[in-house]
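Structure record follows, encoded as structure tokens.
Bear in mind the structure is a predicted one, so any value in this text is a computation, not a measurement.
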Amino acid sequence: QDYEKALFFPCKAAELVNDYGQGWSLKYRAMSQYHMAVAYRKLGRLADAMDCCEESMKIALQHGDRPLQALCLLCFADIHRSRKDVQTAFPRYDSSLSIMTEIGNRLGLVQVLLGVTKCWMIQKELDKALESIEKAQELAEGLGNKLSLLKLHCLCERIYRTKGQQRELRDHVVKFHECVEEMELYCGMCGESIGEKNNQLQALPCSHFFHLKCLQTNGTRGCPNCRRLSVKPGYV
């Protein structure tokens, strides 16, 4: 959820490409621009996201990079969806879906179907949204991708809550929390799940991560999970 921090790395990559770009492959510029577009969209800076995605798409088209073209089309669609312009988003999702199918990117297909589902939800076409979710769930289960399943259960929860179908709602709430437990997506200090709220996170050198606010109360006494003394003064 810390998209400001996530944006730092592709921005730094873009700076390096601009400084030393003569000897670098354009693919690094294209990928850094794409990742910046994703982060900008998450931050609500849609104009910046569109500029970065257009730059990435331009390079992808020049070099015939089909996987990156599919990702850019997905990003374009997500930007239009964020603007509530679903009529413009749908054709982009369709084009991305076509390329993802062509190149065999099943995880990409799940991401496209998630976006399509959200568009149907904006239009309050809940039955069509559930049809997209069913396709996405089949792919995600085949891949064993629990993060995608987590997102799908979250969307199903919202849909069934709106439809007032309590049995289905409870079923997906249970499955959502099962995914959280299996992925250990909870803070080892306060016990609250990670990702449901826009809280800042902090990873320690031992690879365990917690809410930043929780670590700040912990001081420098080491990792609360493994007790490794890897926290240096001023690290958090």
Checklist entry - For the hydrophobic clusters of this structure (ILVMFWY residues joined by side-chain heavy atoms under 4.5 Å, transitively), does one cluster hold both Val110 and Leu73? => result no

Next on the checklist: Do Ile133 and Ile159 make a side-chain contact, defined as non-hydrogen atoms from C-beta onward lying under 4.5 Å apart?
Outcome noted: yes

Checklist outcome for this item: Rounded to the nearest 0.5 Å, the CE atom of Met50 sits from the OG atom of Ser82 at a distance of 10.0 Å

Item to check | Residues, nucleotides or ligands: over 12 heavy atoms within 6.0 Å of Gln165 CD | outcome: yes

Item to check | Partners meeting ring-ring contact (aromatic ring centres under 6.0 Å, His included) with His172 (sequence neighbours left out) | outcome: His153, Tyr160

Checklist entry - Hey, what do you get for SG (Cys72) to CE (Met57), rounding to the nearest 0.5 Å? => result 6.0 Å

Checklist entry - Is any side-chain heavy atom of Cys52 less than 4.5 Å from a side-chain heavy atom of Tyr34? => result no

Checklist entry - Is any side-chain heavy atom of Val173 less than 4.5 Å from a side-chain heavy atom of Leu169? => result yes

Checklist entry - Looking at CZ of Arg81 and OH of Tyr93, how far apart are the two atoms once the value is rounded to the nearest 0.5 Å? => result 4.0 Å

Checklist entry - Nearest 0.5 Å, what's the CG-CG distance between Leu61 and Leu68? => result 9.0 Å

Next on the checklist: Within the structure provided, determine whether Leu74 and Arg92 are in side-chain contact (heavy-atom separation under 4.5 Å).
Outcome noted: no

Next on the checklist: I want to check something: taking the side chain as every heavy atom from C-beta on, are Leu107 and Leu143 in contact at a cut-off of under 4.5 Å?
Outcome noted: yes

Checklist outcome for this item: Rounded to the nearest 0.5 Å, the SG atom of Cys190 sits from the CZ atom of Phe210 at a distance of 10.0 Å

Checklist entry - Just by distance, do the side chain of Gln33 and the backbone of Cys53 share a donor-acceptor pair under 3.5 Å? => result no

Checklist entry - Can you tell me how far CD of Glu141 sits from CG of Leu152, rounded to the nearest 0.5 angstrom? => result 9.0 Å

Checklist entry - For Glu131 and Lys135, what are the C-alpha separation, side-chain angles and deciding distance, and is it a salt bridge (Lys or Arg N to Asp or Glu O under 4.0 Å)? => result CA-CA 7 Å; Glu131 289 176 10; Lys135 295 175 184 177; 5.8 Å; no

Checklist entry - Any salt bridge between Asp171 and Lys175, counting N to O under 4.0 Å? => result yes

Next on the checklist: If you compare all heavy atoms of Arg66 against all heavy atoms of Ile103, which two are closest, and at what distance to 0.1 Å?
Outcome noted: CB-CG2, 4.2 Å

Checklist entry - Same hydrophobic cluster for Leu71 and Val38, using side-chain heavy-atom links shorter than 4.5 Å among ILVMFWY? => result yes

Side-chain donor-acceptor contacts of residues 111-129 below 3.5 Å, not counting sequence neighbours, with atom names and distances?
unit_1 : atom_1 : unit_2 : atom_2 : d
Thr117 : OG1    : Leu113 : O      : 2.8
Asp127 : OD1    : Lys163 : NZ     : 3.1

Checklist entry - According to a 4.5 Å side-chain heavy-atom criterion applied to Ile, Leu, Val, Met, Phe, Trp and Tyr, with indirect links allowed, do Ile79 and Ile59 form part of one hydrophobic cluster? => result no

Next on the checklist: Quick one, Val86 and His80 - any side-chain contact, counting heavy atoms below 4.5 Å?
Outcome noted: no

Checklist outcome for this item: Applied to residues 50-64, the side-chain hydrogen bond (donor to acceptor under 3.5 Å, both in side chains) test, sequence neighbours excluded, yields none

Checklist entry - So with a 6.0 Å cut-off around CD of Glu138, is the heavy-atom count from everything else above 12? => result no

Item to check | Gln69 to Ala60 - nearest heavy-atom pair and separation | outcome: NE2-O, 3.2 Å

Item to check | Cys179 and its side-chain contact (heavy atoms from CB on, under 4.5 Å) partner, picked from Leu147, Val174, Leu149 | outcome: Leu149

Checklist entry - Can Tyr40 and Leu46 be said to form a side-chain contact (heavy atoms from CB on, under 4.5 Å), step by step? => result CA-CA 6 Å; Tyr40 277 135; Leu46 302 183; over 6 Å; no

